[in-house]
Amino acid sequence: MISANLSAIFYLVSGVLFILALRGLSSPETSRQGNFFGIVGMIIAVVVTFLSTDNFSVGFIYVLIFILLGGSIGAFIAYKIPMTAMPELVAGFHSLVGLAAVFVAIAAFLNPQAFNLGVPGNIKLGSLIEMSIGAAVGAVTFSGSVIAFLKLQGIMSGSPITFKGQHPLNAIILTSIIVLIYLLCSTQSANLFWILLGVSFLIGFLLIIPIGGADMPVVISMLNSYSGWAAAGIGFTLENTALIITGALVGSSGAILSYIMCKGMNRSFFNVILGGFGGTDEVKGSVSKEQRPVKSGNADDAAFLMKNASSVIIVPGYGMAVAQAQHALREMVDTLKKNDIKVSYAIHPVAGRMPGHMNVLLAEANVPYDEVFELEEINNDFANADVAFVIGANDVTNPVAKTDPQSPIYGMPVLDVEKCKSVLFVKRSLSPGYAGIDNDLFYKENTLMLFADAKKMTEDITKNL
Amino acid sequence: MEIDPLIFRLSIFILSIFVGYYVVWSVTPSLHTPLMSVTNAISSVIIVGAIIAGLSGNSDTIFSTSTIFGFLAIALAAINIFGGFLVTQRMLAMYKKKKKDKK
């Protein structure tokens, strides 16, 4: 057994290694090393925990068994998961962090002696407050992430589920959580603890159901943040610096990502959370508008346009992920490059279903990351480019956001695709995007619509090049 | 008067939020997905609490309600730790630079 002071120092070391793990992500070159630091930090934390408890009874074997069991499931998932399913995977992982926090809180509540927190029925007040906050946030993270997972997976409809009195109901439940924590701390009643958990599960569920599928980037980042705060709450209970540091890091990381995503949609955080906006295409697609003429073409036309271009900018969106078109796209770009055509990729902050979703898919298809640009970096280049190839994106290219103050997406930063000499727009139909508004780009003189599945169209173009 | 140790932990917490704030802003947007998966993995350091709970039994009571919740939490956190780090590694391995020797 090692002393409490020594183990505290080791926990601090692993906390610092976790900071370095995130720091490494500032560039792809240092990122792999960063991930390695994270792994080392985790190993230190786990080994120190073993060493600091002098109880190496039979329980030790079971701890190892459960680590190996969970570890092999995790490793299996990590190797099998397709990159297009990353949003679901991350949502699923969030739910596990939340549930683990709840379970640790339950274990600590039932057996506080093991954690030096007092005895059942007389847990130290501070610890009880920290524990119940950690448990409540963990429960919200769990049920919220499960709903996010189901929506992303398509098991549950992506359209927002709203009902009358939703917001007052949520407000009442949130208030009751605070009251319950207060009562729990003054009475130490186990029943109140279970009720608190139940109510927290319920509010997590209710908070996420009104949020539409296309707002998932914000939801996932937000749940990421919650899972951090839950970990920090438990960290305070366990008086563990590694957990407190990590919780704070993850909490602020998720909060920043939510902020970036909201800014990418020009919506306030509360606007997203209150929900009821981001339905999916299919729902509103059938709204009939006056028919405006569009120019549509086939793969041959598209190939002709691109062959005669000197620079092409690709704008990928969620549709590319759905059609799994990233590899076909890379092959098309390879062919273009052989013809000495300059190609770059433009990524909107909210393209896809989670932050950085498109970048990962392109990386998977072996697109070098220095050909991929963010909105601010590339937006001025559209005016000088010959062809913009929009594949599976829609609202993020809609010029209405700049011109029409009445539009729901007015003010949202968009890619200036319309400034290109010609625009190729791969889409299955003319239906509007998730914002439910028509894209002016479809009707522009220099736009050629390619109505087809993204993957098939890309392959056909490659054949014609 | 002595300072409550809670204040020290609170200081660590607040300072870590600031560290997190500045570190995460410096993360390049193209790595935001790996950022999420790695934060998942590291927040599962909550496994230390689960291990303490799991080891709290003695040879007569290896399985009490408390240790069972501990064991379950260990399994959940382990899924996340292994899954999170490995999937991050898998993603990061795909980020490649343009080859210098252009054909």
Side-chain angles (χ1 to χ4, degrees), chain A residues 18 22-23 25-26 28 31-32 35 38-39 45 49 53 55 57-59 63 66-67 69-71 73-75 77-78 86 90 93 96-97 99-100 103-104 106-107 110-111 114 224 227-228 231 234 238 242-246 248-250 252-253 256 355-356 359-360 363-364 368-370 374, chain B residues 6 9 12-13 16-17 19-21 23-24 26-33 35-40 42-46 48-51 53-57 59 62 65-66 69-83 85-89 91-92 94-98:
Chain A
F18 291 151
L22 298 193
R23 175 72 201 148
L25 290 171
S26 56
S31 61
R32 281 166 280 250
N35 199 40
I39 296 173
T49 311
T53 54
N55 188 348
S57 62
V58 207
V63 170
F66 279 94
I67 290 182
L69 178 74
I73 297 172
I77 298 172
M86 278 316 293
V90 168
F93 279 167
L96 297 184
V97 178
L99 197 58
F103 284 175
V104 172
I106 293 176
L110 294 176
N111 186 6
N224 186 228
S227 69
I234 302 295
L238 305 180
L243 250 179
I244 295 176
I245 295 176
T246 316
L249 289 178
V250 177
S252 48
S253 158
I256 291 173
N359 303 80
V360 171
E364 188 201 10
Y369 62 81
D370 39 11
E374 304 299 317
Chain B
L6 174 69
R9 286 192 284 277
I12 295 175
F13 180 64
S16 303
I17 293 179
V19 172
Y21 180 85
V23 168
V24 172
S26 74
V27 171
T28 161
S30 68
L31 290 176
H32 276 161
T33 298
L35 170 68
M36 298 198 100
S37 60
V38 84
T39 52
N40 253 315
I42 63 172
S43 55
S44 301
V45 71
I46 200 158
V48 301
I51 293 174
L55 287 178
S56 64
S59 41
I62 295 167
T65 326
S66 162
F69 274 112
F71 289 136
L72 291 177
I74 290 173
L76 295 179
I79 295 179
N80 250 346
I81 293 172
F82 283 74
F85 280 126
L86 289 174
V87 87
T88 309
Q89 200 163 37
M91 274 191 273
L92 294 177
M94 298 183 313
Y95 281 82
K96 289 187 198 87
K97 240 189 165 148
K98 204 170 353 191

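- Of the listed residues A:Ile234, A:Leu110, A:Leu96, the one with more heavy-atom pairs under 4.5 angstrom with chain B than any other is A:Leu96.
- Heavy atoms of A:Thr246 lying under 4.5 Å from chain B belong exclusively to its side chain.
- The greatest number of non-hydrogen atom pairs below 4.5 Å with chain A, out of B:Thr28, B:Asn40, B:Val38, is found for B:Asn40.
- Comparing B:Gly20, B:Gly54, B:Ser66 by how many heavy-atom pairs each has under 4.5 Å with chain A, the most go to B:Ser66.
- The candidate with the highest count of non-hydrogen atom pairs below 4.5 Å against chain A, out of B:Leu72, B:Leu6, B:Val23, is B:Val23.
- With a 4.5 angstrom heavy-atom cutoff, A:Ile106 touches chain B only via side-chain atoms.
- Ranked by heavy-atom pairs under 4.5 Å with chain B, the list A:Val97, A:Ile73, A:Leu249, A:Leu238 is led by A:Val97.
- Note that CG of B:Asn80 and OG of B:Ser37 are 10.5 Å apart. Values are rounded to the nearest 0.5 Å.
- When the side chain to side chain contact (heavy atoms under 4.5 Å, CB included) test is applied to A:Ala114, the partners found at least two apart in sequence or on another chain are A:Asn111, B:Ser56.
- Rounding to the nearest 0.5 Å gives a distance of 10.5 Å between CG of A:Leu243 and CD1 of B:Ile42.
- For chain A, the nearby parts of B:Val45 are the backbone and the side chain; heavy atoms of each come within less than 4.5 Å.
- Taking OG1 from B:Thr39 and CZ from A:Phe18, the interatomic distance works out to 11.5 Å, rounded to the nearest 0.5 Å.
- Remark: the backbone N or O of B:Phe85 is paired with a side-chain donor or acceptor of A:Asn35 at under 3.5 angstrom.
- Residue contact with chain B, scored on non-hydrogen atoms closer than 4.5 Å, involves the backbone and the side chain of A:Glu364 alike.
- Among A:Pro28, A:Ala107, A:Ser227, the residue with the largest count of heavy-atom pairs under 4.5 Å with chain B is A:Ala107.
- Going from atom CG of B:Leu86 over to atom CD1 of B:Ile81 covers 11.0 Å, rounded to the nearest 0.5 Å.
- The aromatic rings of A:Tyr369 and B:Tyr95 are tilted relative to each other, their planes meeting at an angle between 30° and 60°.
- Contact record, B:Leu31 with B:Leu92: CD2-CD2, 3.8 Å, taken as the closest heavy-atom pair.
- Options B:Gly70, B:Gly49, B:Ala75, B:Ser30 differ in how many heavy-atom pairs under 4.5 Å they form with chain A, and the most are formed by B:Ser30.
- Note: B:Thr33 leads B:Thr33, B:Val24, B:Thr65 in heavy-atom pairs under 4.5 Å with chain A.
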